[in-house]
Chemist: 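Before anything else, here's the structure in question.
The sequence lines fix the lettering, A, B, ..., with proteins before strands; numbering per chain opens at 1.
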Protein chains: 2
Amino acid sequence: MLTSQSVAASADNGEPVGLNNTLHEPVSATGVAVPDHVYTVPARNGRAVRLTCGQVIRIINTHGTQVCDTWAFKADDLSEFMSMEHARAWIDRIIPRVGDPLVTNRRRPIMTLIADTSPGVHDTLMAACDAYRYTTLGVKDYHDNCADNMRMALKAIGLRAREVPQPFNVWMNIPVASDGSVQWLAPVSKAGDYIDLRAEMDCIVVMSACPQDIIPINDNHPVEVQFVVLSPSEA
Amino acid sequence: MLTSQSVAASADNGEPVGLNNTLHEPVSATGVAVPDHVYTVPARNGRAVRLTCGQVIRIINTHGTQVCDTWAFKADDLSEFMSMEHARAWIDRIIPRVGDPLVTNRRRPIMTLIADTSPGVHDTLMAACDAYRYTTLGVKDYHDNCADNMRMALKAIGLRAREVPQPFNVWMNIPVASDGSVQWLAPVSKAGDYIDLRAEMDCIVVMSACPQDIIPINDNHPVEVQFVVLSPSEA
């Protein structure tokens, strides 16, 4: 049995680990998706998809209750990536709105949020869940987690990132009170809500259907999300 | 003349660059400080200091108007570092308070905030200023920045980190409104205010007296800060 301790030790080397099928089910060997095809990110799994500049990815909250941790990496240099700490400074907000560019750690737009049918409640503040998170929550054995999903999804298309950046936690409901305290609540989106993100450079988008089932951010029941790379005519 | 373009290109390689004296003025060759000695981080410069587990560093806002970007790295493995995105999740707050542990990207405490004489207005949301930041603000030539200061301060004691983590921006006043928008304001601390951070593991603390002089976070006039590694009897 792979324990959380051994998994954590492996993750320290930056190598993908995990016990779900993310590593074996890429959208294609290169990460290129068929336009207009609806792909599923199964519950607790991750997927990576390659976008060319100008392409739009639609991420769909199939059941309305699921958080999707989302990353974007520059296609030819994964050390440049969508960075929430730079994005917040760029847009002067802690949650992106429609029209907002999302910049990289080199402060240039990598994607723009161009549509959002949900109430716009997302999170940029909380680290991806990882093996350490579940260990501190009392889990003894391996627990699927977004950090491993990101590593596995990239590895599944032959790529590797040197770190797990702060994700754009789409639909994650983390209200910040006036005293700076936060809560971890279920999403306020409804079934079928989607966001559209337009690539501003060639990039790799990684999504993880967050497997958190101990605190209520996924309404205590992690499920799948879906995504589509839109044909130019639809975007 | 070193331009911001050439500097940015160098920074992409992770190598320290910069035109101030940070690289040449370490507290000592190894980063070990003399206990109780008051060191100065000159305006627009950075310093790295080595702490053993249990030691306390006092960072002093000499003039009350200065932001100090602060990082902590595990002494024997700089890939583990104080991580604001993990710390926020740990303390359920966006600004640490006295008594709060600050955890690493592996979710274990590296420092604890044990004293704060200021009103407690700090920031964990905004990336360190960097060459890209000043380019986007219209600066043509090299501008001192906290990211380069961090790299130079580490290099000055023979170390290198593979990334510039989100810093703990001590005294930086970034109020978050109920609609998620943020402002960039001058510090509310007073001259002589200090914070005490206790090391929970052997670590390297890096401080940068933020050189931002275009927006008012340093009251439009970057100045020095000071620090002291306290003797055990005082901590």
Chemist: Considering only heavy atoms, which portion of A:Pro96 lies under 4.5 Å from any heavy atom of chain B: side chain, backbone, both, or neither?
Modeler: neither
Chemist: Under 3.5 Å, side chain of B:Thr70 to main-chain N/O of B:Met207, donor-acceptor pair present?
Modeler: no
Chemist: Heavy-atom cut-off 4.5 Å, strictly under: side chain, backbone, both or neither for A:Glu163 against chain B?
Modeler: side chain
Chemist: Side chain, backbone, both or neither: which part of A:Ala147 has an atom under 4.5 Å from a heavy atom of chain B?
Modeler: neither
Chemist: For A:Thr136, is it the side chain, the backbone, both, or neither that has a heavy atom closer than 4.5 Å to a heavy atom of chain B?
Modeler: side chain
Chemist: Using 30° and 60° as the class limits, which term best fits the ring planes of B:Tyr134 and B:His143: parallel, tilted or perpendicular?
Modeler: parallel
Chemist: Is a side-chain N or O of A:Glu200 found less than 3.5 angstrom from the main chain of A:Pro101, in a donor-acceptor match?
Modeler: no
Chemist: Out of B:Asp219, B:Val41, B:Ile217, B:Asn218, which one pairs with B:Gln66 under the side chain to side chain contact (heavy atoms under 4.5 Å, CB included) rule?
Modeler: B:Asn218
Chemist: For the pair A:Gln212 (side chain) and A:Ile214 (backbone), establish whether a donor and an acceptor sit closer than 3.5 Å, ignoring hydrogens and angles.
Modeler: yes
Chemist: Donor-acceptor check, side chain of A:Asp144 to backbone of A:Pro211, threshold 3.5 angstrom: yes or no?
Modeler: no
Chemist: Can you list the residues of residues 44-52 of chain A that sit under 4.5 Å from chain B, counting heavy atoms only?
Modeler: none
Chemist: For chain B, which of A:Asp130, A:Val176, A:Ile95 has the most heavy-atom pairs under 4.5 Å?
Modeler: A:Asp130
Chemist: Please classify the contact between A:Asp77 and chain B as side chain, backbone, both or neither, with a heavy-atom cut-off of under 4.5 Å.
Modeler: neither
Chemist: Should A:Ile114 and A:Val98 be marked as a side-chain contact (heavy atoms from CB on, under 4.5 Å) after you check the CA-CA gap, both sets of side-chain angles, and the distance that decides it?
Modeler: CA-CA 5 Å; A:Ile114 62 169; A:Val98 171; 5.5 Å; no
Chemist: Are the side chain of A:Ser208 and the backbone N or O of A:Asn149 linked by a donor-acceptor pair below 3.5 Å?
Modeler: no
Chemist: For chain B, which of A:Arg97, A:Arg133, A:Met84, A:His86 has the most heavy-atom pairs under 4.5 Å?
Modeler: A:Arg133
Chemist: Kindly say whether A:Ala186 contributes a backbone atom to a donor-acceptor pair with the side chain of A:Asn173 at under 3.5 angstrom?
Modeler: yes
